[in-house]
Amino acid sequence: MKAPVFCRIGFLITVFCLLLAANGATAGETLQIILDTDISSDADDAGAVAVLHGLAARGNIEILAMMVSSGDPYSVSCLSILNSYFGRPEIPIGKVSGRSVRHDSAYTQAVALSAKALDQTGQDAVALYRRLLAPQPDQSVTIVSVGYLTNLNNLLRSGTDEYSALNGKELVGRKVKLLVCMGGKYPAGREWNFYQDARSSRYVVDQWPTRIVFAGFELGKDIITGKRLKELAENNPLRLSYQLHNAFLGRPSWDQLAVLYAAEPAARDENFVLFGPGFNIARKDGSNQWENDSRGNHFYLGLGQSAQRVGERIDNLMMGK
Ligand SMILES: [Ca+2]
């Protein structure tokens, strides 16, 4: 005798939910995410912005804001134009204040002048972080950092204000679920994002009150993406970024990998393996060293499938496929 239709549907729903739970995702759960980028000196930041938009287009992602950690005066306009092109012109943009790292960019100025940027200056990054984090549910926000840790250092050191009676470290501990950080080299080395502002890196790595998953230099260096962008329309600001950066020779996918881990929880087990727990020791000279320790709340990423397959996935997302 056949089971009634509603019993069979109930069984299928149960199986579906169990499968989702095994992948660390819950049906209908919206991922709230903030991207902190040094978009300027390398093109993979522009690629990471495109990957985040590509994943958000599949639903269940709310991009709360994007923050700029670079002192490049064209970074905010460039980011604003990318966000408009990918259909989300309303995303608020924060900008580093005070001391900042600044490098020349091959593409930000040209992208900034290629269209009308809705936002050319950005808001104060710490104030924007605090205003956006304060009303969120506890332990709900994922931050993905793909540049210098200057903004996150400033946020941790911030005091109470009109947005929250919590100081920066308390506010992060209350509202943030996870920090995914492209920075450092594993198990040991010296990497750009960490040593450009070593004081901030050290403070954030030591003091950050939630779990941190690090995407290291070694993870992305051999995954070269962006060559295919030359096939895209010439008014595409992502295409222009990669064209001006190095004429479509492609770049390592450091920043896209961090975004891929942060913004696609259901595919984490497929794309990555996690090393840890432990402590990432960040030093004054910008170098770092990994130490396994069961008491730690740090992890670092390895690839869970071939570099070629992950690279194709990133290229497809950047191509809008
Ligand atoms: Ca970057």
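When a ligand or atom number is given, it counts from 1 through the structure's own listing order.
Cation-pi check for R130 over Y163 is not met; the charged atom does not lie both under 6.0 angstrom from the ring centroid and within 45 degrees of its normal.
Protein-derived N/O/S atoms nearer than 3.0 Å to the Ca ion (ligand 1) total 5, waters excluded.
Within the structure, ring pair (Phe, Tyr, Trp, His ring centres under 6.0 Å) contacts touching residues 45-69 (residues at least two apart or in different chains) are H53-F86.
In plain terms, the two heavy atoms of A263 and L31 that are nearest each other are CA-CD2, 3.5 Å.
Results of the side-chain hydrogen bond (donor to acceptor under 3.5 Å, both in side chains) test with R313 over E270, Q256, E264 single out E264 as the only residue that passes.
When ring centroids are compared, F248 and Y242 stay outside the 6.0 Å threshold.
More than 12 non-hydrogen atoms from other residues, nucleotides or ligands lie less than 6.0 angstrom from CD of E162.
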